Amino acid sequence: MSANANLLQVRGLHAQYGSTKVLHGIDFDVRQGGITTILGANGAGKTTTLRAVCGMVRTQGEILLAGDRIDGKATESIVRMGVAHVPDGRGTFLNFTVEENLRIGAYTRADRAQVQADYERMYNYFPRLRERRRQQAGTLSGGEQQMLAVSRALMLKPRLLLLDEPSFGLAPLIVQELFEIFRAINQADGISMLLVEQNAALALKLADHAYLLETGRVVLSGTAESIRSDESVRRSYLGY
Ligand SMILES: Nc1ncnc2c1ncn2[C@@H]1O[C@H](COP(=O)(O)OP(=O)(O)OP(=O)(O)O)[C@@H](O)[C@H]1O
Ligand SMILES: [Mg+2]
C-alpha cells in the first residue's frame with residue numbers, strides 16, 4: 001500500500017432505520033495513518049455513519065477497509081478486522097471494573113504478554129485509570145468513563161478508531177488532554193481515526209481531512225485547513 005493510500009474508502013453509502021432513510025449516498029475516505037472528521041448539525045447522520053462503518057445499521061453502497069469490502073459483514077467480523085468503535089454516550093461495561101473493561105477490549109487478541117504491557121500503556125496515557133483500576137466503571141466520573149471507553153477501544157489494537165463525540169460533556173481541560181492523547185496515539189501507533197465532533201474547532205485542529213454532513217448528504221469536503229477557512233463553516237460551526 002502506498003504512503004497516501006486510503007485505509008477506509010466509502011462510496012455511495014446509504015443507511016436507514018426501518019423505512020427511515022438517513023444517509024443518501026455519501027462518499028468519504030480516511031487515509032492510512034490519517035484522521036478524518038465528520039462535522040454536522042444534530043441529526044445530520046454522523047452517528048449513523050459510524051454505525052454503518054461497523055455494521056450496526058442497514059446500508060447500501062461500498063465500504064472498503066484496506067481494499068476489502070466490509071459492508072454487509074457482521075459487526076463481530078468488522079471488529080476482528082481491526083475497527084474499534086467508541087460510541088456516543090461512552091460505551092463501557094458499567095458493572096465491570098476498569099481493568100476488566102480493558103481485558104474485554106482485548107478479547108480478540110491472542111498475544112497475552114503484549115496485552116499485559118498494553119494495560120500499562122493505557123495507564124500511562126490515563127493515570128487516573130491506574131488509580132481506579134479496581135473500581136467499577138459505573139462509579140467513574142463522566143470524563144474518566146470517556147478515558148476508559150477510549151482505552152477499551154485501543155486495547156483491540158485497532159487499525160481504525162471510530163470516535164463519536166468524545167468531547168461530549170467533558171470539561172475543557174479534560175477535552176484538551178484527551179485530544180492531545182489522540183494525536184499521540186495517532187502518531188506513535190499509526191492508528192487511523194474517524195472522528196465525529198460537535199466541537200468543530202478542535203476536530204479541525206486534529207484532523208487532516210473533513211466532511212460536512214447536512215441531512216445525510218456531504219455538502220462540503222476537503223483538507224481540514226480548507227474547511228476551517230470556509231466562510232459558511234466559520235459562521236455556522238466555528239462561531240466567529
Ligand atoms: N434507531 C433509530 N431509528 C429511527 N431513526 C433513527 C434512529 N437513530 C437515528 N435516527 C434518525 O436518524 C437521523 C440521524 O441521526 P444520527 O444519530 O446519525 O445524527 P447525528 O448527526 O449523530 O446527530 P447528533 O449530533 O444529535 O448526535 C436523525 O433524524 C435520527 O432521528
Ligand atoms: Mg450523534
Side-chain angles (χ1 to χ4, degrees), residues 8 10-30 35-63 70-76 78-79 83-92 142-143 145-150 152-153 158 160-172 174-175 178-179 182 193-207 209-222 224 227-228 230 232-239:
L8 186 75
V10 173
R11 294 293 174 267
L13 180 67
H14 293 252
Q16 61 192 87
Y17 298 101
S19 59
T20 311
K21 297 196 161 73
V22 172
L23 300 180
H24 309 279
I26 66 171
D27 298 348
F28 65 92
D29 300 319
V30 179
I35 302 178
T36 289
T37 185
I38 298 182
L39 307 174
N42 293 129
K46 305 180 299 296
T47 292
T48 303
T49 303
L50 298 189
R51 286 194 189 135
V53 170
C54 55
M56 297 170 71
V57 56
R58 222 174 97 207
T59 63
Q60 284 172 280
E62 289 188 5
I63 307 174
I70 58 168
D71 49 275
K73 283 194 193 294
T75 301
E76 162 83 19
I78 297 171
V79 169
V83 178
H85 184 204
V86 180
D88 54 347
R90 309 207 165 91
T92 56
Q145 280 188 43
Q146 190 61 277
M147 294 171 198
L148 179 58
V150 170
R152 182 192 52 74
L160 177 65
L161 186 61
L162 309 176
L163 296 163
D164 198 342
E165 297 203 32
S167 77
F168 189 80
L170 304 186
I174 303 281
V175 171
L178 191 62
F179 273 62
F182 290 154
M193 300 182 185
L194 179 57
L195 167 71
V196 161
E197 255 297 336
Q198 289 290 342
N199 190 332
L202 203 60
L204 289 169
K205 227 164 38 177
L206 182 69
H209 283 79
Y211 296 80
L212 182 60
L213 207 56
E214 265 176 34
T215 55
R217 290 185 171 83
V218 172
V219 293
L220 194 66
S221 66
I227 301 297
R228 197 167 31 208
D230 180 271
S232 65
V233 170
R234 270 225 317 260
R235 269 201 309 269
S236 308
Y237 294 94
L238 298 173

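When a ligand or atom number is given, it counts from 1 through the structure's own listing order. Positions are given from 1, in the same order as the sequence printed here. These figures come from a predicted structure and were not determined experimentally.
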Is there a donor-acceptor contact under 3.5 Å from the side chain of T75 to the main chain of G55?
yes
Looking only at N/O atoms, are G40 and ligand 1 under 3.5 Å apart anywhere?
no
Quick one: which ligand 1 atoms are inside 4.0 Å of a heavy atom on T48?
14 (C), 15 (O), 16 (P), 18 (O)
Should G18 be listed as contacting ligand 1, given a heavy-atom distance under 4.0 Å as the test?
no
Would you compute the distance between atom CG of L206 and atom CZ of F179 and round it to the nearest 0.5 angstrom?
6.0 Å
Value rounded to 0.5 Å, distance of CD in E62 from CZ in R11:
8.5 Å
CD of Q60: more than 12 outside heavy atoms within 6.0 angstrom?
no
Look up atom CZ in R58 and atom OH in Y17, then write down how far apart they are to the nearest 0.5 Å.
12.5 Å
Could you list which atoms of ligand 1 come closer than 4.0 Å to a heavy atom of A41?
21 (O)
Could you confirm whether T47 has any N/O/S atom lying under 2.8 Å from the Mg ion (ligand 2)?
yes
Distance below 4.0 Å between atom 14 (C) of ligand 1 and any protein heavy atom?
yes
G43: heavy atom below 4.0 Å from ligand 1, yes or no?
yes
Looking only at distance, does D88 have an N or O less than 3.5 Å from an N or O of ligand 1?
no
Out of all atoms in ligand 1, which are within 4.0 Å of some heavy atom of E165? Include the element for each.
25 (O), 27 (O)
Would you say V22 contacts ligand 1, with heavy atoms under 4.0 Å as the rule?
yes
What atoms of ligand 1 come within less than 4.0 Å of a heavy atom belonging to Q198?
25 (O)
Around atom 6 (C) of ligand 1, find the nearest protein heavy atom and jot down its residue, atom name and distance.
Y17 CD1, 3.2 Å
Is atom 31 (O) of ligand 1 in close reach of the protein, with a heavy atom under 4.0 Å away?
no
Any N/O of T47 closer than 3.5 Å to an N/O of ligand 1?
yes
